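Here is the naming used below: chain letters follow the sequence lines, and residue numbers restart at 1 for every chain. In this text, all values refer to a predicted model and were calculated from it rather than measured experimentally.
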Amino acid sequence: MIDFEPTEEQQLIVETVRQFAESEIRPLARAANEAGKLPDALLSQAHELGLVANAIDEGFGGGGERSAITGVLVAEELAWGDLSIALAILSPSLTAFPVQDHGSDAQKQDLLPGLTGGQFVPGALAVVEPRFDSDPFRPSTTARRDADDWVIDGAKCFVPWIDGGATVLVSAAADDGAGIFVVPRNAKGLTAESEQNMGIDALPTAELSFEAVRIPSSARVEGADLVGLVHRGRVGLAAMAVGVARAAFEISRDYAKEREAFGSPIATKQAIAFKLADMAIEIDGARLLIWEAAWLFDQGRDATRAATLAYQQASKVALDVADAAVQVLGGHGYIRDYLPEMHLRNARGFASFEALTLV
Amino acid sequence: MIDFEPTEEQQLIVETVRQFAESEIRPLARAANEAGKLPDALLSQAHELGLVANAIDEGFGGGGERSAITGVLVAEELAWGDLSIALAILSPSLTAFPVQDHGSDAQKQDLLPGLTGGQFVPGALAVVEPRFDSDPFRPSTTARRDADDWVIDGAKCFVPWIDGGATVLVSAAADDGAGIFVVPRNAKGLTAESEQNMGIDALPTAELSFEAVRIPSSARVEGADLVGLVHRGRVGLAAMAVGVARAAFEISRDYAKEREAFGSPIATKQAIAFKLADMAIEIDGARLLIWEAAWLFDQGRDATRAATLAYQQASKVALDVADAAVQVLGGHGYIRDYLPEMHLRNARGFASFEALTLV
Amino acid sequence: MAISFEPAQSTIDAREFYHKMAVEQMRPISRKYDLEEHAFPQEWVDSYWKHGRSGPGGDWSGANDGFVRVCVQAEELCWGDAALYLRMPTAALGGSAVAAAGTQEQKQKFLAPFQGDGPPVWGAMAITEPQAGSDAAAIQATAELDGDEWVLNGNKIFCTSGESASQHEGGFVVVWATIDRKAGRAGIKSFVVPAGTPGMKLIGLEKKLGIRASDTATLLFEDCRIPRSNLLGSAEVKKHDPKRSGDKGFKGAMATFDASRPIVAAMAVGVGRASLDFVKEELARHGYEVRYMAPRTELRSIERDVLEMEAELHAARLLTWRAASMMTHGKPNSLEASMAKAKAGLAVTRITQKAVEILGPPAYSKKMMVEKWMRDAKINDIFEGTQQINQLIVARRILNYSSSMLR
Amino acid sequence: MAISFEPAQSTIDAREFYHKMAVEQMRPISRKYDLEEHAFPQEWVDSYWKHGRSGPGGDWSGANDGFVRVCVQAEELCWGDAALYLRMPTAALGGSAVAAAGTQEQKQKFLAPFQGDGPPVWGAMAITEPQAGSDAAAIQATAELDGDEWVLNGNKIFCTSGESASQHEGGFVVVWATIDRKAGRAGIKSFVVPAGTPGMKLIGLEKKLGIRASDTATLLFEDCRIPRSNLLGSAEVKKHDPKRSGDKGFKGAMATFDASRPIVAAMAVGVGRASLDFVKEELARHGYEVRYMAPRTELRSIERDVLEMEAELHAARLLTWRAASMMTHGKPNSLEASMAKAKAGLAVTRITQKAVEILGPPAYSKKMMVEKWMRDAKINDIFEGTQQINQLIVARRILNYSSSMLR
């Protein structure tokens with residue numbers, strides 16, 4: 001039966017995360033952005049909410065409640081608070097979900113318990129390549145068999161590189177198709193260079209270079225499905241894009257109601273009011289596309305088309321909405337005393353991020 | 001020196017044509033559209049203005065004042081009156097210009113004097129093909145040498161087929177590249193089926209089918225440059241697109257000033273007023289692109305890029321403006337008592353028309 | 001409850017039923033009635049009356065997907081032909097007004113013929129006047145009580161199915177008129193005028209851009225007398241609070257928009273899907289696959305167009321279903337209904353326009369249906385509140401502004 | 001006269017001169033001053049003062065392409081770096097106000113340092129206030145005559161080059177203030193406040209999305225005393241006709257927008273072209289040709305993007321040149337200036353945003369300049385009248401509505 005109401009449990013989670021985003025994340029967002037640094041204490045605090053751990057199997061200390069729908073609901077709320085911080089908080093999913101879904105028992109045992117413990121342990125996934133024609137489904141990075149090892153060569157970008165992580169999952173083309181490999185951060189031949197990006201300033205990301213990086217044959221996540229992974233990444237990002245758009249929309253809506261020009265609030269002008277209406281409509285439309293894609297994941301059905309459309313639409317909507325928000329604020333939209341300029345910079349990244357979070 | 005003022009002579013021509021469009025063409029536009037029939041007397045009347053004849057060499061009875069700039073100025077004004085009628089009035093150019101520019105003396109002698117005489121004689125050019133992937137630069141229609149003849153096979157659409165014409169110029173791929181061929185309308189193997197299109201209802205157009213149509217080797221316009229021809233067609237159409245857009249804009253502007261809702265003219269609402277402002281801006285922007293392309297033609301320089309951009313922009317602007325005009329008129333925009341619905345139907349065609357007029 | 005996009009079996013059944021009807025009964029005569037404007041589509045009317053109206057779409061009050069099923073019906077039938085959909089013998093908006101604001105007796109009396117075994121009947125709603133447009137409060141038509149009868153005078157335009165509803169016995173037109181011009185909006189009431197009532201005159205039929213098989217009538221009311229009991233709601237004029245929208249009659253009539261806008265949005269989606277389906281078929285026929293995993297740098301321009309069209313269309317559909325679902329659950333949905341209507345009207349206008357472009361020269365010809373769908377689609381951006389009116393409604397709601405604060 | 005797109009030789013010379021300057025002096029330090037916000041770009045200031053200001057762009061009153069040449073200069077230098085362009089030691093908008101509304105004596109006095117051999121100087125204009133935005137008539141800053149001096153009080157924000165103009169001796173800030181608050185717009189006058197005048201305080205510099213090398217100052221005026229003769233225009237307040245915009249001072253200051261808007265539009269075009277040029281270079285480097293005669297069905301998505309960007313950019317450029325050309329010929333160009341500004345601001349915002357997308361992941365990094373150009377470009381949609389203000393001006397003109405009829 002077609003229904004648009006999250007379960008009561010999901011509503012409770014959303015409410016909790018929204019409050020966390022509002023009272024804990026948002027107040028730190030601008031400072032984190034300007035400093036280009038994550039507020040570390042906040043990550044521990046967020047970890048206590050168990051947002052990722054809850055989706056990990058009970059056998060590894062998790063809550064065993066994996067749901068892409070819950071995932072997108074949470075992702076939107078966190079990103080509404082701040083995109084960089086949201087990506088950081090959910091980064092454990094980047095390691096957890098591919099391993100949980102397709103890893104060997106040994107891999108699970110090795111990686112999952114660490115993510116459900118008392119301490120925040122970040123995850124990392126390297127899918128995007130620093131190339132004009134980067135294609136997440138067809139990596140240029142290669143994994144070559146050499147005796148009992150895999151040897152990896154190539155480069156990746158937009159890899160979350162938060163202190164405390166020990167491994168990174170890497171997509172690479174092997175002779176039998178593209179696969180996912182678990183690479184220690186300190187592997188020989190792997191170098192990480194800090195990135196300076198237009199947006200997501202507070203999230204430490206790295207451009208990785210792999211030069212004959214040698215890992216054991218057991219390091220491949222054998223059953224991994226790169227196509228599915230990327231689509232789950234896209235849908236998670238789409239939800240975050242909607243979160244960013246909603247934040248920009250709300251700020252510009254409130255500004256428009258307060259700011260007066262020519263004797264009345266600018267929100268009473270149709271040019272502004274209709275712009276806000278369009279923003280609201282597009283945000284809701286994109287969100288519903290995302291929900292459907294997430295629902296398909298949870299049903300175990302093919303979500304290729306739905307995820308592609310949701311990602312494409314949400315990226316576009318986030319950019320348009322953030323740009324419109326800057327415009328509504330006028331001169332104030334252009335200065336860093338207000339958040340929309342950051343939303344605009346963040347929003348522009350979605351078209352390229354591909355798998356910077358997972359649901 | 002960069003300048004945006006037509007010459008005094010051009011201004012005079014524009015003024016004359018505008019008056020003709022306003023007092024002679026516009027009043028007949030809707031009826032012609034509904035009847036799907038040209039007002040024949042009007043064509044004779046327009047012929048007296050010498051709009052095409054003026055551009056034909058003096059040696060063939062013309063005015064010898066060929067100018068693409070004058071051409072686009074005239075095309076805009078006529079199309080502002082009505083697109084179908086404008087295309088009909090200027091149709092002699094479809095035969096005249098390719099022959100004048102590249103024809104043999106015999107071809108010129110054969111075709112040009114008829115177009116500068118006292119009687120309106122329509123022209124016809126067959127460039128577009130009734131295929132999904134119609135490509136004006138690479139015709140699928142073929143011209144095969146057979147002894148001293150050319151044998152033509154293929155199909156064309158959007159061919160103006162006004163009573164009184166005797167020949168049609170046809171683009172076709174020969175073994176040495178695409179060329180232009182003069183084909184008698186009554187050639188054996190050539191059949192013309194009347195088209196029913198979404199728009200340009202008043203202009204009789206035909207879908208032509210060529211089955212082993214045999215013409216003498218002298219029927220090829222030897223020097224013809226299909227690429228240049230198509231670009232001249234595109235620029236002429238672009239000017240007409242701007243004419244259509246301007247007509248739709250003006251009607252919606254006037255309507256918005258008259259029509260009251262909630263106690264004041266709807267033009268006093270920003271949603272309407274800003275829409276009208278955008279329409280005006282886009283129309284002017286497209287027109288300037290067209291002028292530059294036309295100027296390049298007149299300078300004998302390569303206009304490929306300029307013509308392509310002007311055509312693309314003007315097609316888009318015409319569609320958007322006509323759609324916006326319908327929207328401004330609301331319910332009245334949807335009924336055939338007002339012109340914008342016709343502008344919308346006409347405007348949609350520009351992306352496909354390619355060379356339905358020439359400058 | 002839980003988020004779900006799995007249609008109930010009854011919705012799947014409805015979709016199949018109406019899709020079959022669209023394919024078999026509508027598409028074959030679609031072009032014919034586009035060309036023969038104002039002709040009466042006898043075969044379609046008969047077919048719908050005989051088979052369609054008893055199909056699995058009508059009654060949505062029960063379980064399952066509720067009002068979403070009505071939207072699915074509208075989408076399927078408008079995928080067939082939007083104009084013929086509008087021409088179906090149903091009580092339409094007039095029926096919704098009676099259902100929303102009528103007494104039990106009125107419902108029984110006026111709606112019964114739509115269930116009965118008699119000949120086909122139509123309902124219609126007459127609101128718009130030559131000078132009023134979207135401004136319902138500016139209505140000039142008057143109703144005066146004379147003994148036991150209301151006497152209506154006025155001129156109504158853009159009345160969908162106004163010809164059928166006013167001319168075919170058993171049908172009716174719900175007419176909006178003021179009983180006290182000085183009272184503004186509070187004086188506006190709606191009245192049921194049965195087909196054939198003397199004084200209700202069919203003045204003309206609009207010639208339109210699209211939906212040509214749908215009759216859009218101009219009706220003149222000249223001393224048109226109807227029984228006192230044909231007033232929907234109360235005759236009381238609440239003068240003292242100009243901000244209130246008046247009584248159940250007016251409110252009920254306005255509330256019909258909360259139901260009709262999702263339907264109109266679903267209609268738009270149907271026309272849009274007709275174009276999109278056809279574009280994809282044609283592309284496939286010409287060997288152009290639409291790839292969902294093509295590298296960005298290799299994507300074809302027309303491929304991207306199709307992807308964007310799909311996303312826009314489906315976003316519009318889901319917004320529509322959401323508004324419908326809220327209605328099923330009795331939640332206020334004015335905001336969401338206007339969101340769906342605004343989005344669908346605009347998205348589908350663009351989708352159908354793009355479809356003609358993508359398919360090249362042949363698509364501009366009447367040999368293909370895309371040009372018709374482009375013409376038909378545009379009505380969805382206009383009727384039941386233009387794009388702009390719906391943006392205004394959305395804006396007021398999100399800003400929490402009254403209609404006097406945001407005009 | 002005849003329609004022509006052939007630039008005069010002096011325009012070609014100017015383009016070459018400033019393009020060289022952009023390539024050699026601006027691009028190499030562009031990223032540096034983007035990262036070091038609020039740092040003083042000494043090498044650029046010196047270079048412009050020494051070589052740039054005597055280049056072939058400044059004086060446009062002569063023959064040839066006139067004001068179009070100024071636009072070409074702006075385009076070339078903003079192709080180099082829009083922020084450094086704004087940071088150039090020039091009289092800027094303050095100078096335009098003096099030139100438009102000042103007496104011969106005022107012009108001589110305030111503009112001379114810009115021609116002289118002294119150290120670099122800046123002019124600026126201070127209009128916007130924290131609560132006023134685009135609404136010049138709502139200005140709260142006051143000027144009171146006290147003996148032979150005007151005493152200014154008030155707070156000004158978003159003052160481009162406000163730091164340089166207020167701190168470097170020889171420069172000046174033109175400040176808008178009211179001498180009679182009750183008189184509304186008629187009471188607003190503009191005053192020249194020389195750099196270093198006591199009471200003019202630099203309160204802060206904005207941290208911005210882009211154009212970070214340009215200083216955007218908040219200035220506080222506290223009992224700031226300037227000679228009586230520093231008023232531009234007349235001190236008379238015409239109270240009796242509220243529809244008139246007041247005297248030459250106000251009108252002159254407003255008229256500066258007719259000149260500044262084409263320049264701002266040209267700046268936008270410069271930034272847009274920087275992005276577009278780079279995109280085309282990168283595409284070529286990767287073997288992606290942009291074809292102008294590709295079959296529609298074979299066109300790549302990114303190819304179409306580039307074609308659209310080119311058309312939009314060039315349409316904006318031509319609208320800009322038209323407004324400039326009208327200015328050269330002394331024709332009223334408010335409508336055309338606003339058209340150019342509105343078009344260029346929006347087009348270039350979109351073009352630069354698209355450029356980042358087209359070039360994929362590397363373009364989001366600060367290793368490439370496109371992300372900076374996207375941030376820089378957005379200012380053109382905002383300053384010198386937002387997109388919306390310019391739409392409003394265009395709308396009023398095409399509708400022939402006064403500012404009270406269309407707000």
Any Thr7(B) side-chain heavy atom under 4.5 Å of Met1(D) side chain: no

What part of Glu336(D) gets closer than 4.5 Å to chain B, counting heavy atoms only: side chain, backbone, both or neither? neither

Quick check on Asp278(B) against chain D: is it the side chain, the backbone, both or neither that has a heavy atom closer than 4.5 Å? side chain

If you tally heavy-atom pairs under 4.5 Å against chain B, which of Leu406(D), Thr11(D), Leu319(D), Leu392(D) wins? Leu319(D)

Could you look at Arg317(D) and say if it's the side chain, the backbone, both or neither that has a heavy atom under 4.5 Å from chain B? neither

Please check if atom CZ in Arg396(D) has more than 12 non-hydrogen atoms from other residues, nucleotides or ligands closer than 6.0 Å. yes

Got a sec: does the CD of Glu9(B) have more than 12 other heavy atoms crowding it under 6.0 Å? no

Between Phe4(B) and chain D, with a heavy-atom cut-off of 4.5 Å, which part of the residue counts as in contact: side chain, backbone, both or neither? both

Value rounded to 0.5 Å, distance of CG in Leu288(B) from CZ in Arg322(D): 5.5 Å

Considering only heavy atoms and a distance below 4.5 Å, find which of Arg287(B), Glu8(B), Lys275(B), Glu292(B) pairs most often with chain D. Glu292(B)

Looking at chain B, which one of Val394(D), Leu335(D), Asn390(D) has the largest number of heavy-atom pairs inside 4.5 Å, strictly under? Val394(D)

Atom of Ser4(D), atom of Trp295(B) and distance for their closest heavy-atom approach: CA-NE1, 3.6 Å

Segment of Glu298(D) engaging chain B (4.5 angstrom heavy-atom cut-off): neither

Quick one, Phe274(B) and Gln388(D) - any side-chain contact, counting heavy atoms below 4.5 Å? yes

Evaluation steps, side-chain contact (heavy atoms from CB on, under 4.5 Å), between Glu312(D) and Gln313(B): CA-CA 8 Å; Glu312(D) 287 284 312; Gln313(B) 191 77 355; 2.7 Å; yes

Could you look at Phe5(D) and say if it's the side chain, the backbone, both or neither that has a heavy atom under 4.5 Å from chain B? both

Cut-off 4.5 Å, heavy atoms of chain B, and the answer for Thr297(D) is side chain

Rounded to the nearest 0.5 Å, how far apart are CD1 of Ile281(B) and NZ of Lys341(D)? 10.5 Å

Could you tell me which of Pro295(D), Ala8(D), Ala294(D) has the largest number of non-hydrogen atom pairs under 4.5 Å with chain B? Pro295(D)

Under a 3.5 Å threshold, yes or no: a donor from one side chain and an acceptor from the other, between Gln391(D) and Gln270(B)? no

Taking atom CD1 of Ile2(B) and atom CH2 of Trp321(D), what is their separation to the nearest 0.5 Å? 4.0 Å

Please name the pair of heavy atoms, one in Arg253(B) and one in Ile398(D), separated by the smallest distance, quoted to 0.1 Å. CD-O, 3.4 Å

Does atom CG of Asn400(D) have more than 12 heavy-atom neighbours, drawn from other residues, nucleotides or ligands, at distances under 6.0 Å? no

Taking all heavy atoms of Asn64(D) and all of Met1(B), pick out the closest pair and write down the distance. O-CE, 3.1 Å

For Asp135(B), which atoms come within 4.5 Å of any heavy atom of chain D: side chain, backbone, both, or neither? side chain

Checking heavy atoms, do the side chain of Val227(B), its backbone, both or neither come under 4.5 Å from chain D? side chain

Of the listed Ala294(B), Ala306(B), Ala267(B), the one with the largest count of heavy-atom pairs under 4.5 Å with chain D is Ala267(B)

Ignoring hydrogens, what is the shortest heavy-atom contact between Leu289(B) and Ala311(D)? Give both atom names and the distance. CD1-O, 3.9 Å

Can we say Lys343(D) and Glu282(B) salt-bridge, meaning some charged N sits less than 4.0 Å from an Asp/Glu carboxylate O? yes

What part of Arg131(B) lies closer than 4.5 angstrom to a heavy atom of chain D: side chain, backbone, both or neither? neither

Quiz question: by atom type and distance under 3.5 Å, do the side chains of His329(D) and Glu5(B) form a donor-acceptor pair? no

Distance-minimising heavy-atom pair for Pro6(B) and Ile3(D): N-CG1, 3.7 Å

All heavy atoms of Ala395(D) vs all of Ala277(B), minimum pair found to be N-CB, 3.9 Å

In this structure, CD of Glu310(D) is separated from CZ of Arg305(B) (nearest 0.5 Å) by 4.0 Å

Just wondering, do Met293(D) and His231(B) contact through their side chains at under 4.5 Å, heavy atoms? yes

Tyr401(D)/Lys257(B) under side-chain contact (heavy atoms from CB on, under 4.5 Å): CA gap, chis, key distance, verdict: CA-CA 10 Å; Tyr401(D) 276 177; Lys257(B) 290 186 72 168; 3.7 Å; yes

Ignoring hydrogens and geometry, is there a side-chain-to-backbone donor-acceptor pair from Arg296(D) to Phe132(B) under 3.5 Å? yes

